[in-house]
Asks: 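One structure coming up, written as structure tokens, with questions to follow.
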Amino acid sequence: MSFVCPGCSCLCDDIEIVDGRILHACRRGEEIFEKYKENRAKPMVKGKEVDIDSAIEEATEVLKDSKNTVIYGMDTTTVEAQQLGIELAEKLNAYIDDNSSFCLGEFVEAILRKELPTTTLEDVRDRAYVMVYWGANPFHSLSRHMSRYSYYPRGAKRPRGYEEDRFLVVVDVRRSETAKLAKKNAKFIQVDNDDELVDSFFKVMEGKAAKYAKEAGIILNEMKKSDLNVIFGGLGLKYGLKDLGKFVEMVRKMNEVAPLYFIPAGFHANMRGFNETLFEKTGYVNKYSFKDGKGDVDFAFTSLLQNGKVDTAVIIGTDPVSSLPYDVASKLKEVKTIVIDPRMSPTARVADIIIPSAVSGIEMGGTMVRSDGARIKLEVIEERDVNDIYILKKIEEGL
Amino acid sequence: MRFSKFLKVEAEIVVARYALVSDETKSRFEPVIFFHPEFAKRSGVKEGDVVEVEANGRAVKLKVKLSESAPESGGIIPNGIFASYLTNFDGFKRFKANIEVAEGEPSSVGEIIERVKP
Ligand code: SF4
């Protein structure tokens, strides 16, 4: 039997456990399966251990009294739990947001709005020739991405794999581990400013001189050899770009030269699931206010905290103390914090109420959405009754 | 005592995921900075030193490791609690920091949590 690893948005579905040994997973995936019983959260209210139902009841009471609640996270839980979280936010007339508002949410939004053409990782494996890792270092962030889906596999129409049938491009501000692979049939472009490379692609297509004209020219020429080329854009691209619209326009224009698709590279296992679930319900991928009936940058979790717009934060399966700048994370002390998480994360350690839950893909089944939009069914190793679904249902019933 | 202990140098810091230092159980996070070997040499910093990294008016102490994947004019701080403590959204994944060789132990996760919510 194979399991799905919930470690990152690759959602590798070939994990096997043989005689207690975890097979096929990368180091991170292996650790998730091996150590899921470690550092587990305990139900707590204001630093005192309580039973799980008391923690849920206390959270429900806090939410009943709250005037402005934000529900945040859910990128590591299942689509089914995300749907309940969104329902809860609606019932509370609350704000809802996830990590994608400072991660790759705007790229997912552009895909869902059909502004960026996209494809599946299976198509990439079978057909892609030019593959551009732009501001992404899968060596660390998506450790099996290149071996399962992109550069190394021998695909149906790319039988000679990386040796002859792929053209690898890496764009980064430094010579990352992935950049070091760009040797034969490859190009590493060290940028200081990503917009300059976007600009160079435009200029070369218009026949003008540009800073990266040589590199852009080579890539455009190589693209013509295939009916499927792909850009994997990571956080380096997001934070390197001043204008996403210009990047989207560049991809559109490059499609006049040869087919080029975009797939976001690297985020929490089910961030895209959150984006798609909220998008289906509201037309926005994140930063949404049920009170105002719209999405807006002011409704990002970070803005709400910094502007003192909320009195209660429900943080589900994510760790803002570790991932957000101090100026934002330190504002958590000014609001009531309810953390629902399997682990005693740094955020759980500063919470007023901790409700321990189950690890998705190990103790809870359901669906997650891979970085390319494929829906993947999770298996369960050891079912745990108190999971995100149970907790969110209980809270909603109690309101 | 080395002369470099009295010098502060400016470094370009890239924040990036570093699979080998994070712990998926969220119980620990290695307080480490990866300097490019050339930058370390120029700055008089050795592998194993503890450095104080200061940015945006905040500072943490991190243990030095070397990596050729780091930017030539500085280092990588792995994505996580120490990098987040130093950054602002303006320069979230790439910022300038002052580096100085320091005495004592690297910062702990507990110390940062204590600063977030005293
Ligand atoms: S690449 Fe991601 S999904 Fe695959 S085994 Fe590693 S952590 Fe798990």
Side-chain angles (χ1 to χ4, degrees), chain A residues 7-8 26-40 102 135-137 139-143 172-180 234-236 238-240 266 302 319-333 337 341-351, chain B residues 11-29 34-39 55-60 67-76 78-95 108-118:
Chain A
C8 76
C26 69
R27 182 191 169 279
R28 187 182 345 158
E30 186 182 358
E31 200 166 74
I32 287 172
F33 282 93
E34 229 165 39
K35 299 188 178 172
Y36 72 94
K37 291 189 175 152
E38 291 182 22
N39 195 33
R40 297 304 295 250
F102 66 93
N137 183 23
F139 180 87
H140 281 297
S141 60
L142 303 161
S143 304
D172 209 320
V173 295
R174 63 192 170 99
R175 192 174 279 278
S176 66
E177 290 83 352
T178 309
K180 285 182 193 139
L235 269 186
K238 158 154 173 113
Y239 283 96
T302 52
D319 184 16
V321 168
S322 294
S323 58
L324 292 178
Y326 170 81
D327 282 348
V328 182
S330 60
K331 297 282 181 199
L332 282 172
K333 61 179 176 284
T337 315
D341 202 299
R343 298 209 173 79
M344 201 62 193
S345 66
T347 305
R349 285 164 67 179
V350 305
Chain B
E12 180 199 351
I13 304 296
V14 168
V15 179
R17 197 166 232 291
Y18 217 92
L20 305 175
V21 304
S22 56
D23 167 28
E24 294 308 318
T25 71
K26 296 196 168 28
S27 55
R28 60 171 193 91
F29 195 87
F34 293 87
F35 283 132
H36 194 280
E38 288 304 317
F39 174 82
N56 299 307
R58 296 183 288 277
V60 291
S67 166
E68 302 228 338
S69 301
E72 281 141 39
S73 52
I76 298 171
N79 212 358
I81 194 160
F82 300 108
S84 298
Y85 178 69
L86 292 174
T87 56
N88 286 332
F89 272 122
D90 182 19
F92 190 39
K93 296 290 160 197
R94 202 175 168 204
F95 58 90
S108 68
V109 169
E111 248 175 89
I112 305 295
I113 291 174
E114 183 60 29
R115 291 182 214 171
V116 167
K117 192 172 181 182

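Throughout, a chain's letter reflects where its sequence line sits, starting with A, and its residues are numbered from 1.
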Asks: For chain B, which of A/K35, A/R27, A/R175, A/K180 has the most heavy-atom pairs under 4.5 Å?
Replies: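 Most heavy-atom pairs under 4.5 Å with chain B: A/R27.
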Asks: Given side chains that start at C-beta, do those of A/Y36 and A/P342 come closer than 4.5 Å, heavy atoms only?
Replies: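 A side-chain contact is absent here, since even the closest heavy-atom pair is not under 4.5 Å.
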Asks: What part of A/T302 gets closer than 4.5 Å to chain B, counting heavy atoms only: side chain, backbone, both or neither?
Replies: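 The side chain, not the backbone.
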Asks: Any donor-acceptor pair under 3.5 Å linking the side chain of A/R174 with the backbone of B/S69?
Replies: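 The answer is yes, because a donor-acceptor pair under 3.5 Å joins these two groups.
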Asks: Is the backbone N or O of A/R343 less than 3.5 Å from a side-chain atom of B/K26, with the two atoms forming a donor-acceptor pair by type?
Replies: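 No; zero donor-acceptor contacts below 3.5 Å.
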Asks: When you measure from the side chain of A/R28 to the backbone of A/G7, do you find a donor-acceptor pair of N or O atoms at a distance under 3.5 Å?
Replies: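 Checking the backbone N and O of A/G7 against the side chain of A/R28, a donor-acceptor pair under 3.5 Å is found.
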Asks: Under a 4.5 Å heavy-atom cut-off, does chain B meet the side chain of A/S141, its backbone, both or neither?
Replies: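 The answer is both parts of A/S141.
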Asks: In terms of heavy-atom pairs under 4.5 Å with chain A, which of B/N79, B/N88, B/I81, B/V15 leads?
Replies: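 Of the options given, most contacts go to B/I81.
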Asks: Checking A/D172 against chain B: side chain, backbone, both or neither under 4.5 Å from a heavy atom?
Replies: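 Interface part for A/D172: neither.
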Asks: One pair to check against side-chain contact (heavy atoms from CB on, under 4.5 Å): A/M344 and A/R349. What are the steps and the verdict?
Replies: CA-CA 6 Å; A/M344 201 62 193; A/R349 285 164 67 179; 4.0 Å; yes
Asks: Examine whether an atom of A/K331 lies under 4.5 Å from a heavy atom of chain B, and if so say whether it belongs to the side chain, the backbone or both; otherwise answer neither.
Replies: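 It is neither, since no heavy atom gets under 4.5 Å.
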Asks: B/Y18 versus chain A, heavy atoms under 4.5 Å apart: side chain, backbone, both or neither?
Replies: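 Its backbone and side chain both get close to chain A.
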Asks: Do A/V321 and A/V350 touch side chain to side chain, with heavy atoms closer than 4.5 Å?
Replies: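 Side chain of A/V321 against side chain of A/V350, heavy atoms only: contact under 4.5 Å found.
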Asks: Is B/E68 in contact with chain A via its backbone, its side chain, both, or neither, using a 4.5 Å heavy-atom distance?
Replies: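 Contact with chain A is through both the backbone and side chain of B/E68.
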Asks: Please identify each residue that fulfils ring-ring contact (aromatic ring centres under 6.0 Å, His included) with B/H36, with sequence neighbours left out.
Replies: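 Result, ring-ring contact (aromatic ring centres under 6.0 Å, His included) vs B/H36: none returned.
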Asks: Looking at B/E72, B/E114, B/R94, B/R115, which one has more heavy-atom pairs under 4.5 Å with chain A than the rest?
Replies: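 Looking at each option in turn, the highest pair count goes to B/R94.
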Asks: Chain B: which of A/A348, A/S330, A/S345, A/P325 shares the most heavy-atom pairs with it under 4.5 Å?
Replies: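 Highest number of heavy-atom pairs under 4.5 Å: A/P325.
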Asks: Measuring heavy-atom distances to chain A, does B/I76 have an atom under 4.5 Å in its side chain, in its backbone, in both, or in neither?
Replies: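 For B/I76, the contact with chain A is made by the side chain alone.
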Asks: Any chance the rings of B/F92 and B/F89 have centres within less than 6.0 Å?
Replies: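 They qualify: ring centres under 6.0 Å apart.
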